[in-house]
Amino acid sequence: MSSFLRPSITGHEITEPSRIAAQYRAITSHLAITPPVSVVIPAMNEAENLPYVFKTLPEWIHEVVLVDGNSTDNTVDVARELWPDVKVVKQVGKGKGDALISGFAACTGDIIVMVDADGSADGQEIVSYVSALVGGADFAKGSRFANGGGTDDMTTIRRLGNWALCSLVNRKFGARYTDLCYGYNAFWRHCLDKITLDCTGFEIETLINIRVVKAGLKVQEVPSHEYNRIHGVSNLNAVRDGIRVLKVILKEKSVSRAARRRPAAFSVNVPRGEVS
């Protein structure tokens, strides 16, 4: 798969406008890329937050895949109003991990970006993730603690827990992460062929971070700023979810490479849930 950066072309230099437009996807007046980008947004009862989320998404992305976790509000209707071409996946299971796996299966882009639906992520940062990937990385990992990153939504206990778990992963798997439990990431679709996603909860973010390292994929951290959730209350529980993340870390240390490549309980290559 080839992908590259290309300088902008002034109007008088273009001799075949339609061919150029079909070949390159404009990002800014000075930058264009060829790989299509899919954005996966898991959401459950996030109708009030979606206007803020979609407002920041770049117009040049290839598709938006909204995974609806059986919302009881008008999440789906709002998404379709904001982004008429949105691809809606009705989640059949439960949990953020299950939602992401379902969303990945529905993507058609070469690059997949994971974005939360609570308004905490700035979609304008997607260009930084894409730049890291077309520059040679396999996996672009968002970090709130890399130089240039930040967070408005982390308590002291969560910050300490994230640091401790991140240090543990770095020591056990030879990673160099500055952040671990953050869901704003992007990767080439081919990465899904090299890792197995077989958990349904919040800890899937940690599982992905560990398995891309174990698979020998090239990882580049991207500074990212996490904002406060705009509306509603988060389902995150620092102690409960921290324990689940720790269990994943300890389990992964004992899993052999051969075992990891066995068929997954949830395949990202098989559609999961109704797509509309």
Side-chain angles (χ1 to χ4, degrees), residues 38-50 53-54 63-80 86-107 112-121 142 153 158 161-162 165 180-185 187 191-192 195-212 226 229-252 255 260 262-276:
S38 297
V39 174
V40 177
I41 306 175
M44 184 174 69
N45 296 329
E46 299 285 8
E48 289 187 284
N49 291 322
L50 289 185
V53 176
F54 280 78
E63 67 181 355
V64 175
V65 178
L66 180 90
V67 184
D68 177 45
N70 300 301
S71 298
T72 55
D73 64 3
N74 59 336
T75 290
V76 173
D77 293 335
V78 170
R80 285 178 170 150
V86 66
K87 183 182 293 185
V88 177
V89 178
K90 286 290 186 180
Q91 186 177 356
V92 295
K94 294 182 179 180
K96 185 174 184 179
D98 180 87
L100 286 172
I101 292 168
S102 299
F104 297 161
C107 289
I112 298 175
V113 184
M114 304 157 49
V115 176
D116 286 340
D118 59 4
S120 63
D153 184 32
R158 284 180 56 202
N162 185 69
L165 293 169
L180 183 68
C181 305
Y182 190 43
Y184 199 175
N185 305 296
F187 52 88
C191 293
L192 295 173
I195 62 176
T196 297
L197 301 182
D198 51 8
C199 70
T200 61
F202 165 82
E203 66 274 14
I204 191 172
E205 295 159 358
T206 296
L207 184 69
I208 292 174
N209 292 335
I210 292 175
R211 289 187 175 174
V212 295
E226 178 188 39
R229 164 181 277 275
I230 300 173
H231 296 287
V233 179
S234 173
N235 292 321
L236 177 66
N237 181 288
V239 176
R240 178 198 64 203
D241 293 321
I243 292 175
R244 293 182 70 167
V245 168
L246 178 60
K247 288 181 178 179
V248 165
I249 295 172
L250 297 178
K251 179 180 178 181
E252 282 302 295
V255 175
R260 193 178 70 253
R262 292 172 184 166
F266 303 102
S267 173
V268 296
N269 296 316
V270 178
R272 303 183 66 249
E274 178 184 351
V275 179
S276 60

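For clarity, every value in this text was computed on a predicted model and none was experimentally measured.
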> Are the side chain of D73 and the backbone N or O of A47 linked by a donor-acceptor pair below 3.5 Å?
Replying inline: yes
>> Tell me the closest heavy-atom pair linking V65 and A106, and the distance in Å.
In response: CG1-CB, 4.1 Å
>> Restricting to non-hydrogen atoms, name the atom on A117 and the atom on A43 that form the minimum distance, rounded to 0.1 Å.
In response: CB-CB, 3.7 Å
>> Whether the side chain of D68 engages the backbone of V76 through a donor-acceptor N/O pair (distance < 3.5 Å, no angle test) should be reported.
In response: no
> With a 4.5 Å heavy-atom cut-off, do I112 and L192 have their side chains touching?
Replying inline: yes
>> Within the 4.5 Å heavy-atom criterion, are Y184 and M114 side-chain neighbours or not?
In response: no
> Where do V115 and A121 come nearest, in terms of heavy atoms and distance?
Replying inline: CG1-CB, 4.2 Å
> N185 side chain to G142 main-chain N or O, any donor-acceptor pair under 3.5 Å?
Replying inline: yes
> Should I204 and I101 count as side-chain neighbours, where that means a heavy-atom distance under 4.5 Å?
Replying inline: yes
> Should K247 and E203 count as an ion pair when the cut-off is N to O under 4.0 Å?
Replying inline: no
> Under a 4.5 Å cut-off applied to non-hydrogen side-chain atoms, are V53 and I41 in contact?
Replying inline: yes
> From I195 CD1 over to R211 CZ, what is the distance, rounded to the nearest 0.5 angstrom?
Replying inline: 8.0 Å
>> For S102 and Q91, which I'm curious about, is there any donor-acceptor pair between the side chains at under 3.5 Å?
In response: no
> Does the side chain of S38 come within less than 4.5 Å of V113's, by heavy atoms?
Replying inline: no
> Within a strict 4.5 Å, meaning less than it, do heavy atoms of the K94 and T200 side chains meet?
Replying inline: no
>> Determine whether I230 and E48 satisfy the following criterion, side-chain contact (heavy atoms from CB on, under 4.5 Å), listing intermediate values before the conclusion.
In response: CA-CA 8 Å; I230 300 173; E48 289 187 284; over 6 Å; no
> What's the verdict on side-chain contact (heavy atoms from CB on, under 4.5 Å) for Y182 and E226, showing C-alpha distance, side-chain angles and the deciding distance?
Replying inline: CA-CA 9 Å; Y182 190 43; E226 178 188 39; 3.9 Å; yes
>> Quick one, F187 with V212, criterion side-chain contact (heavy atoms from CB on, under 4.5 Å). Give me CA distance, side-chain angles, the key distance, then yes/no.
In response: CA-CA 10 Å; F187 52 88; V212 295; over 6 Å; no
>> Quick test of your reading of the model: are K96 and D116 salt-bridged, counting only N-O distances below 4.0 Å?
In response: yes
> Are any side-chain N or O atoms of N162 and backbone N or O atoms of R158, one a donor and one an acceptor, separated by less than 3.5 Å?
Replying inline: no
> Are the side chain of K90 and the backbone N or O of N70 linked by a donor-acceptor pair below 3.5 Å?
Replying inline: no
>> Looking only at side-chain N and O atoms, does N45 offer a donor or acceptor that is under 3.5 Å from a partner on T75?
In response: no
> N209 versus I249: any side-chain heavy-atom pair under 4.5 Å?
Replying inline: no
> So which heavy atom on L66 is nearest to which on A79, and how close?
Replying inline: CD2-CB, 3.7 Å
> Do the side chains of E63 and V39 get nearer than 4.5 Å, heavy atoms only?
Replying inline: no
> What distance do D77 atom CG and S71 atom OG have between them, rounded to the nearest 0.5 Å?
Replying inline: 10.5 Å
>> Just verifying a value: how many Å separate F202 CZ and L207 CG, rounded to the nearest 0.5 Å?
In response: 12.5 Å
> How many angstroms lie between atom CG of L100 and atom CG of D98, to the nearest 0.5 angstrom?
Replying inline: 9.0 Å
> Going through the checks in order, is the side chain to side chain donor-acceptor pair (under 3.5 Å) test met by D198 and T196?
Replying inline: CA-CA 6 Å; D198 51 8; T196 297; 5.7 Å; no
